[in-house]
Amino acid sequence: MSTHLETNTGVDNRKFAMWTLIGSECFLFGTLITNYLINRNRSVTGPTGQEIFNIDLTTLSTFDLLLSSVAMAFAVYYCKHKKLRPMQWSLATVALFGLFFLGFQYYEFSHFLHEGLGLSTNVFGASFYMLTGCHGLHVAVGVMIISTLLIKSLIKGEAWFNDDVVEICGLYWHFVDVIWIIIFTVVYLFVYV
Amino acid sequence: MTNDQHAGQPAHQNHAGIPLYVAFLVVLAIITACEWAIFKFRVSLGISNFVLVAALSVMSLVKFFMVVGWYMHLRYDPKLLKINFIFAFLLVMGIALGLLTLMSAHG
Amino acid sequence: MVSLVRLLKVLSFLFLASGLNGCFEKLPMSTAHVVTEWGRQINHVYLITTVIVSLIFVAVAIPFCYAIWKFREKEGETRMPKQITGNHKLEIIWTLVPIVLLIFIFLPTLEVIMKRAEAPPEDSLVIEAIGHQWWWEFKYPSLGITTANEMFVPENTHITIKATSGDVIHAFWIPRWGGKIDTLPGIINQITYVTPSIEDAEKGDYYQGHCTELCGLSHARMRYEAVVLTKDRFQQWSKVAMQPPVIASTLEKKGQELFMSKTCFTCHAIEGTQANGKIGPNLTNFGNRRHLAAGTLNNTKDGLHTWLRDSVDSKPDYQTIKPGSLMVFGPNFELTEGDIKALTAYLQHSTAKTY
Amino acid sequence: MSNHGAPKTGLWSWITTVDHKRIAALYGFSALLFFVLGGVEAIMMRTQLIVPNNDFITARTFNSMVTMHGTTMIFLVVMPLSGAFFNFLTPLMIGARDVAFPRLNALSFWVFLFGGLLLNFGFVINEAPRGGWFGYANLTELQYTPDLSADFWAMGLQVVGLASLIASINFFVTILNMRCKGMTLLKMPMFIWTTLVTQVLLFLSLPVITIALVMITFDRHFGTGFFNPGVGGSVVLWQHLFWVFGHPEVYILILPAMGIVSEILATFSRKPLFGYSVMVYSTCAIGFLGFAVWAHHMFTTGLGPWATTFFVAATMLIAVPTGVKIFNWISTVWGGRIKITTASLFGLSFVAMFTFGGLSGIMHSSAPIDSQHQDTYFVVAHFHYVLYGGAVMGLFGGIFYWFPKISGRFLNETLGQIQFWLYMIGFNMTFFPMHFLGVQGMPRRNYTYAPDMGWDLWNFICTIGAYMTAVGGILFAINLFYSLKKGEKAPADPWDARTLEWTIPSPPPEYNFGIEPTVTHLDDFWHRKYDEEGHKKQLPPPAKYDPHAIHLPGPSYWPICLAAGLTCGAAGFFLKGFGLYVSLVGVAVILISAYGWAYEEA
């Protein structure tokens, strides 16, 4: 493929592609957030944000994703400086915190279901689940990719230091964290607006 | 705009290091804690809705650009990448605001 | 030779475009012959835009065709054209000139849009136009009238049509009155007119309308008419419109019994009888309508016969005259010719009001 | 898997190809097949409308013809045909060996093909999509379209949309990252600029339609009620989301054709494109403004005066850069030495027809006029002049212009010119009377019409014109198959053109350029051939190189597997009963292919 091919912009093809994908995902999540903001007050029946959100839990999961984002930055740094053990630990932390975040989300969704907010209860629930669900899906895919990187590094050890691939996964993971930062504010903190 | 500069050599060796990442983590954590605090005690602190929205938006944008700028080190990447991302981000903000005003007018 | 043919074709466009625009005959759905003030404002902007657009087309087509004719490669020509790459002065000219021309279109448009947005006067007659899958329901809340497919209005009166839909998206459009509005389920859109003055006082003027948003199988069969009456005839009509049917003969009596026994009453409503179904159109003043099945058939003896015969004979989910219409009956439903004659008499005569 | 061992011909080489030229041929061939399908749907509609109260086809079939003609022509003909030109020309014009991600390129073709098949699969079980190519919300809800037709439409478009998204990222990176030495952004050919702007429009607008389609699918299967006014949803929201994608989409359809015509007119007038940098800026302006005009499709939904004024102004503003481009084309032709071939005829007719279509579009950019034009045949006339007279004529010009380069043989000129005149007269005979139908108030998408409305004559003429265009289409098919086998041999540079793809033999070798070219000027090939005063220069003999030393990515079967898995997952989503298993199989295939893909060394 194009490993260290001399490119016009000096940026590796795959990294450029990941940034383009991030631009495209901006539109994906932009539409989802707009759909949520439009539909959050249009429900006829069933619970809405004010009765159901638990801000403390969500702040914890935001911290969790922040930590995993920093761990990812460490992993990219260690990979560039060829430090195997620290890189593997960082990748493991990222995957672990990613799983914690998914755990938080699973708990939150089951709690909401228990409170009576199903996918088809009202339009608020539908747009909320679609937004946070789509983001959760991206986190899950991220955890899968990072765990494959970790497994590859554990098997190959010192021979495998592909800092391009790790950096691109880092870009993806940071973007998923950045989207959560916006979701956290727009969904959970704008509830009384 | 010719941009055939040197290729493929990561340019950020000297700036970002572990201490910088840790410092950023602390700052981000503090901002998140502030957001939580403002939201949690908005009644006792007597914060109006408008101020709440403004403060929270500013804080989340600061966090957004910190992570995009430094963790994704967009700051050190070539101009074309920055244009690509900023253009997409501003365009979607514009369309989102357009859609919100149009849909709210509909009632 | 080739570009000569092209020249002829372009000139023929111009002739066709300008020539024909003027001489459209007075057709029922022609947007060229409007009768209301709002229609005239639209056609005023329409004319300005068409003139400017035609001028631009001529200004572009003539040099283009001339260039093709003049600079085409003649036999054995080896002239190397001058390699001009651009001319900034020209670029600025043909950016500014279109902007100026567009402003000439934009200003009258803006004026009409803003005039259109003015609030209607208090004494405006409010009519609710509700689109259903493939027929129109018109309600007059101030007069307590519910009718379908033919909207009676007094002449020279300001009316406010509150358009909404009972199922999917339709669109309320009377071409000769000008301007359409989508009837969106869950949203009430408003369109206002000053109704035209009347020409044929005796029968009333009929203005054809059509649903213009794809709304399913019989979107093409969802037409309606606005009927303009003189002011006093409209008053008379509004008083008699909701009176119960007057049974004048045994045939009509049999028709009424059939209507009540053969499940017609579950979908249709007739004021003053126990039929108050809401699914189908209200038939209280069915006798006064010129068409039936939303403008699909004429409201004559054999028109109604065809309609009833077809709704009985066609297979349940696909009625041939109006595909998808709910008025289809299973195999064990039977209507003899006699029943149809009785129903026709009842529906066309006893519900006819005199006004 | 080094590439020299791989078989060059045979089905397996086509299935596992990652060569951008072969993928271009696959795109072109399948687009022309769908073109036949779309054409048949159009002929069925026109035959039904030849006389009033006709019963050639039922209302249900007519609605699915309307829907599938629109969807097929837009998503399965014009976009992939432009895709064929992107694929073939982008690497050649920027002096690259292949696109940035060859296997992703193959993946987007197979995902497109399977998505197109899924979209048309409804015909097999008589549940073809019937909700219009735009699928307005309430009609496609489960309550009003209880069968699977709307699901075929939604899922088929999701898959085709995904194909376009992957391809757009691939080409965006290729153009910006893999230009040969010396080719700065303002030295790229004009077609590459229109391709670049099209890719930006694609990868920014496609996510919006993806979300809208997911919402309608959730409404139909999980009862979410986004577009169900009963539970607080709004039908206008679908229209907004669809047209936020819809309008950039129509610029995605027209910009490639504009790029092709810029190349054709420059070559056949033997003059450089007039005002190249202004053309670049106006292309970018059209691309950017394309995102700000979407609600001019919704003037009649009651947006309120201020929103209507904004969108009227934005729509009129977009006419300015389009006008600038038309004036630049005319200036390119002015003073040139125009060689009349089928390609140049199609190019010139593009300018004429697109101008007329653009001007009839300006007429209903003003909202009051649009309140009389919306959903009537005037709009049908407008967008056919722009899409058919514009995009399709431009693409046919491109086919006749680049066919010698792709296949090494000329398309027959006499057949081509007969077909051109059949198209030109047939097209105008079909769509010009539609302006009169529109002014006389004939609504769109009506499976039949009443006799006493004054529409009969025009509908009859339109149908005859449609038959004439169909004859033209058949002529093109004959021409294509005949020329592939027995067309006149074509040299490397048959039209004495200006861009890099004519510097290599036709059909080009798999590795494109033996030695990567260096470029010093815009239209560099022209400056190599002629000096400043236009006298022919003595070209230096081509430099020697060892073709075997060039490393090319090996063929791979993972793209077609991943595409099959994706479509299987999408198709399983709505099949009753065993649907879940089909989806699970699809997901399994996706996972296996993804891992197989990642571990396949380049």
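FYI, side chains are in, hydrogens and waters are out, and symmetry mates aren't considered; it's all heavy atoms of this structure. Per chain, numbering begins at 1; letters A, B, ... match sequence-line order.
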Q: Highest number of heavy-atom pairs under 4.5 Å with chain C: which of D:Tyr530, D:Trp526, D:Phe299, D:Trp306?
A: D:Trp526

Q: For C:Lys82, is it the side chain, the backbone, both, or neither that has a heavy atom closer than 4.5 Å to a heavy atom of chain D?
A: backbone

Q: Starting at CD1 of D:Ile338, measure out to NZ of C:Lys74 and round the result to the nearest 0.5 Å.
A: 8.5 Å

Q: Look at D:Ile326, D:Asn53, D:Asn138 and state which one has the largest set of heavy-atom pairs under 4.5 Å with chain C.
A: D:Asn138

Q: Using non-hydrogen atoms only, which part of D:Asn228 is less than 4.5 Å away from chain C: side chain, backbone, both, or neither?
A: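 No part of it gets close to chain C.
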
Q: Counting C-beta onward and ignoring hydrogens, is there a side-chain heavy-atom pair between D:Phe327 and C:Thr95 closer than 4.5 Å?
A: no

Q: Side chain from CB out, backbone as N, CA, C, O: work out which of these in D:Val278 comes under 4.5 Å of a heavy atom of chain C, or both, or neither.
A: side chain

Q: Checking heavy atoms, do the side chain of C:Val97, its backbone, both or neither come under 4.5 Å from chain D?
A: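 For C:Val97, neither part sits under 4.5 Å from chain D.
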
Q: Any idea how C:Tyr66 and D:Trp334 line up, ring-wise: parallel (<30°), tilted (30 to 60°), or perpendicular (>60°)?
A: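 Ring orientation, 0 to 90° scale: tilted.
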
Q: Under a 4.5 Å cutoff for heavy-atom pairs, which residue among D:Leu522, D:Thr309, D:Thr355 has the most contacts with chain C?
A: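 Going by pairs under 4.5 Å, I would pick D:Thr309.
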
Q: Kindly write out the residues that satisfy side chain to side chain contact (heavy atoms under 4.5 Å, CB included) with D:Pro52, not counting sequence neighbours, or none if the list is empty.
A: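 Side chain to side chain contact (heavy atoms under 4.5 Å, CB included) list for D:Pro52, sorted by chain: D:Tyr449, D:Pro451, D:Asp456.
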
Q: Based on non-hydrogen pairs under 4.5 Å, which of C:Gly179, C:Pro98, C:Pro175 is most in contact with chain D?
A: C:Gly179

Q: By a 4.5 Å heavy-atom criterion (distance strictly below it), what part of C:Gln133 contacts chain D: side chain, backbone, both, or neither?
A: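 Side chain only.
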
Q: Measure the shortest side-chain to side-chain distance between C:Tyr46 and D:Val439 over non-hydrogen atoms and say whether it is less than 4.5 angstrom.
A: yes

Q: Any side-chain to backbone donor/acceptor pair from D:Gln440 onto C:Met29? Under 3.5 Å, distance only.
A: no

Q: Taking side chain as everything from C-beta outward and backbone as N, CA, C, O, which of these in D:His373 sits under 4.5 Å from a heavy atom of chain C? Side chain, backbone, both or neither.
A: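 Both backbone and side chain of D:His373 come within 4.5 Å of chain C.
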
Q: Between C:Cys215 and D:Leu139, is there a side-chain heavy-atom distance shorter than 4.5 Å?
A: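 No, their side chains stay 4.5 Å or more apart.
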
Q: Is the D:Phe62-C:His219 ring centre distance short of 6.0 angstrom?
A: no

Q: Shorter than 4.5 Å, heavy atoms on both sides: which option in C:Val60, C:Thr320, C:Leu101, C:Val112 has the most such pairs with chain D?
A: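 Winner by heavy-atom pair count: C:Val60.
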
Q: Side chains of C:Trp173 and D:Thr376: closer than 4.5 Å at any heavy-atom pair?
A: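 Yes. Closest side-chain heavy atoms under 4.5 Å.
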
Q: For the atom pair OG (D:Ser269) and CD (C:Glu73), what is the distance rounded to the nearest 0.5 Å?
A: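 The OG atom of D:Ser269 sits 10.5 Å away from the CD atom of C:Glu73.
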
Q: For the atom pair CD1 (C:Ile56) and CD1 (D:Ile362), what is the distance rounded to the nearest 0.5 Å?
A: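 Separation between the atoms: 5.5 Å.
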
Q: Please classify the contact between C:Arg221 and chain D as side chain, backbone, both or neither, with a heavy-atom cut-off of under 4.5 Å.
A: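 Just its side chain gets close to chain D.
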
Q: If we define contacts as heavy-atom pairs under 4.5 Å, which of D:Thr448, D:Thr308, D:Asp55 has the most with chain C?
A: D:Thr448

Q: Sub-3.5 Å donor-acceptor pair from the side chain of D:Arg337 to the main-chain atoms of C:Arg79, do we have one?
A: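 Yes.
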
Q: Going by heavy atoms in the side chains, are D:Tyr144 and C:Asp167 under 4.5 Å from each other?
A: yes

Q: Any side-chain heavy atom of D:Ser360 within less than 4.5 Å of one from C:Val53?
A: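 Contact flag for D:Ser360/C:Val53 side chains = no.
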
Q: Taking the side chain as everything from C-beta on, heavy atoms only, tell me whether D:Phe274 gets closer than 4.5 Å to C:Leu90.
A: yes

Q: Provide the closest heavy-atom pair for D:Gln372 versus C:Gly178 in the form atom of the first, atom of the second, distance.
A: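 Heavy atoms only, the tightest pair is NE2-CA, 3.5 Å.
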
Q: Taking side chain as everything from C-beta outward and backbone as N, CA, C, O, which of these in C:Arg223 sits under 4.5 Å from a heavy atom of chain D? Side chain, backbone, both or neither.
A: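 Contact with chain D is through the side chain of C:Arg223 alone.
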
Q: Taking every non-hydrogen pair under 4.5 Å, which of D:Pro321, D:Ala137, D:Ser331, D:Gly275 racks up the most with chain C?
A: D:Gly275

Q: What part of C:Ile321 gets closer than 4.5 Å to chain D, counting heavy atoms only: side chain, backbone, both or neither?
A: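 Interface part for C:Ile321: backbone (N, CA, C, O).
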
Q: Take D:Thr300 and C:Asp182, measure what side chain to side chain donor-acceptor pair (under 3.5 Å) needs, and give me the verdict at the end.
A: CA-CA 6 Å; D:Thr300 58; C:Asp182 282 3; 3.1 Å; yes

Q: Tell me, please, which residues at least two apart from D:His521 pass ring pair (Phe, Tyr, Trp, His ring centres under 6.0 Å).
A: D:His527

Q: With side chains defined as the heavy atoms from C-beta onward, is the minimum distance between C:Leu217 and D:Tyr447 less than 4.5 Å?
A: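 The answer is no, as the side chains (C-beta and beyond) never meet within the 4.5 Å cut-off.
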
Q: Non-hydrogen atoms of chain D under 4.5 Å away: do they reach the side chain of C:Gln41, the backbone, both or neither?
A: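 C:Gln41 has no heavy atom closer than 4.5 Å to chain D.
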
Q: Would you say D:Lys271's side chain and C:Gln83's backbone share a donor-acceptor pair under 3.5 angstrom?
A: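 No: the side chain of D:Lys271 does not pair with the backbone of C:Gln83.
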
Q: Let me confirm one number: the OG1-CD1 distance from C:Thr49 to D:Ile369, rounded to the nearest 0.5 Å.
A: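 Output value for this atom pair is 3.5 Å.
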
Q: Go through the atoms of C:Leu110 and report whether side chain, backbone, both or neither lie under 4.5 Å from a heavy atom of chain D.
A: side chain

Q: Below 4.5 Å from any heavy atom of chain D, which atoms of C:Glu91 appear? Answer side chain, backbone, both or neither.
A: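 Just its side chain gets close to chain D.
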
Q: Short question: side chain of D:Gln374, backbone of C:Ile181 - any donor-acceptor pair under 3.5 Å?
A: no

